[in-house]
Amino acid sequence: MEDKLWAGRFSKETAAAVDRYNRSIAYDSRMYPEDIAGSMAHAAMLARQGVISAEDGQAIRHGLESILKDLDSGALTIDPEAEDIHTFIEAELTRRIHDAGKRLHTGRSRNDQVATDFKLYLKHRTAEIGSLLADLIRETLDQAQKECRTILPGYTHLQRAQPITLGHHLCAYAHMLLRDLWRLQDWKQRNDSCPLGAGALATSTYPIDREMTARELGFARVATNSLDAVGDRDYAVELVSDLAMLMLHLSRWSEEMILWSSQEFHFVELDDAYSTGSSIMPQKKNPDVAELTRGKSARVIGSLNTLMVMLKGLPLAYNKDLQEDKEATFDALDTVAACLPAFTGMLATAGWQRETMRAAAARGFTNATDLADYLVKKGLPFRDAHHIVGHLVAVCSSRRCGLEDLSLEELQEACGLIADDVYPALDLNQLVEKRNLPGGPAPAAVMADIQVLSQRLEALQFSALN
Ligand code: ARG
């Protein structure tokens, strides 16, 4: 019972099953650097405020520094039977510096301690993920620039619709990912407040300097209301929601890469280094990176659900249920951090099959809208033009040819307004070049979009990661 921080009022040992059930050390031990940083800031503040002596403050600092060094080097291993990382470090500190160690927890509770550690940890991981995401966006923009003239069919309902450029298509993903990065920056701004000093729920009677510890730990401000500071997990829900949205985008893109790398499409040949084989079928080359990304998006969405359901019935302030926040959040972070470099590598090495894409755009009547527009420019109302072209599409379908393969006489039979300037109007390159509105597929419009996206990326990267 001696090893429990809270054993004083108990007359029986905790049942072994409860000990096992209660402990969170297996997953919260990863927060040891943040736990030590939080304790150092707290102890320095206690000493400055005269709550503990300067000597005890020094001893605590040196003790914590040596624990950090030993944990980093592996000289000290974490006891898997400790209740949690906070308990383990406090016990180890007391083992090393005796009574001074027992003074560390003055004016503090594990409730404000764990919230502080968790927020610090999430800030670090969010910066890491922000930088991995920025790498992916940069790669996407590089590819978009290289492929700004590559023509492929754009789809609606997965049916060929109108010709676009690969640069245009890739920029669509760059927009989604940039919004994801923006959300991470936004997350940091809103949640950059320090719970330390909130105590168990009602602060304390010591002259705790909350501004000092917040500043010391790099938080922008203090999380003021103490009930909210220890009971709040909005920051975990928000972050995992942002990660779920990111995975949702990557999952949609993955679905497309899987389709495109099939022999049926063959718009892309994935690099051998980013593909896997089959144990039985010697010919197979599988798009596992994309499939895993699509599959793992489920875990992150699941974590978001776990967090929201865990929180929805909790009265103020701390409840032990909150311990369940960590595994769900950590799993979401680990999943995204593993996914991003693999996905970026897959994209960077993708072999775009330009001929196949162009050939696909040349079939499937992707120029039908343009023939109708041609007739409108000759004076026909759009609805009539649509009808005439629909009829020509039916003729071509049965003859298995394109609109541009019909002779001028055949075209004129359908509508007397058609002249031989119709053929250039049906040419794929021209169709794409002419869609030059802001945000359109024309190479010039794509290049302009890339420039705006790059500027926004630089601006966001700076504020998201600092
Ligand atoms: N391991 C606990 C958690 O993760 C630490 C806080 C414990 N607080 C308490 N009042 N029992 O939530």
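When a ligand or atom number is given, it counts from 1 through the structure's own listing order. Quick note: residue numbers are just sequence positions, from 1.
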Output the list of atoms in ligand 1 that are nearer than 4.0 Å to some heavy atom of [X], sorted by atom number.
X: Gln323; result: 1 (N), 2 (C), 3 (C), 4 (O), 12 (O)
X: Ser24; result: 1 (N)
X: Lys326; result: 3 (C), 4 (O), 12 (O)

**Asked** Taking the six-membered ring of Phe10, is NZ or CZ of Lys4 closer than 6.0 Å to its centre and within 45° of its axis?
**Response** no
**Message:** Taking 4.0 Å as the limit for heavy-atom contacts, which would you say applies to Gln113 with ligand 1: side chain only, backbone only, both, or neither?
**Reply:** neither
**Prompt:** Is the Phe88 to Tyr32 ring centre distance short of 6.0 Å?
**Reply:** no
**Request:** Please confirm whether His169 and Trp253 have ring centers closer than 6.0 angstrom.
**Result:** no
Among all the protein's non-hydrogen atoms, which is closest to [atom], and how far away is it?
atom: atom 7 (C) of ligand 1; value: Tyr318 OH, 3.6 Å
atom: atom 10 (N) of ligand 1; value: Asn111 OD1, 3.0 Å
atom: atom 5 (C) of ligand 1; value: Asp84 OD2, 3.5 Å
atom: atom 11 (N) of ligand 1; value: Arg110 NH2, 3.7 Å

**Request:** Would you sort out whether Ser66 and Arg96 count as a side chain to side chain donor-acceptor pair (under 3.5 Å), showing the intermediate values?
**Result:** CA-CA 9 Å; Ser66 71; Arg96 292 187 184 199; 2.9 Å; yes
**Prompt:** Got more than 12 heavy atoms from elsewhere within 6.0 Å of NZ, Lys312?
**Reply:** no
**Asked** Glu83 near ligand 1, heavy-atom distance under 4.0 Å?
**Response** no
**Message:** Taking Gly197's backbone N and O only, do any of them form a donor-acceptor pair with Asp112's side chain (distance below 3.5 Å, no angle check)?
**Reply:** yes
**Request:** Report the C-alpha separation of Thr87 and Asp84 in whole Å, then their side-chain angles, then the decisive distance to 0.1 Å, and conclude whether the side chain to side chain donor-acceptor pair (under 3.5 Å) test is met.
**Result:** CA-CA 5 Å; Thr87 309; Asp84 55 27; 2.6 Å; yes
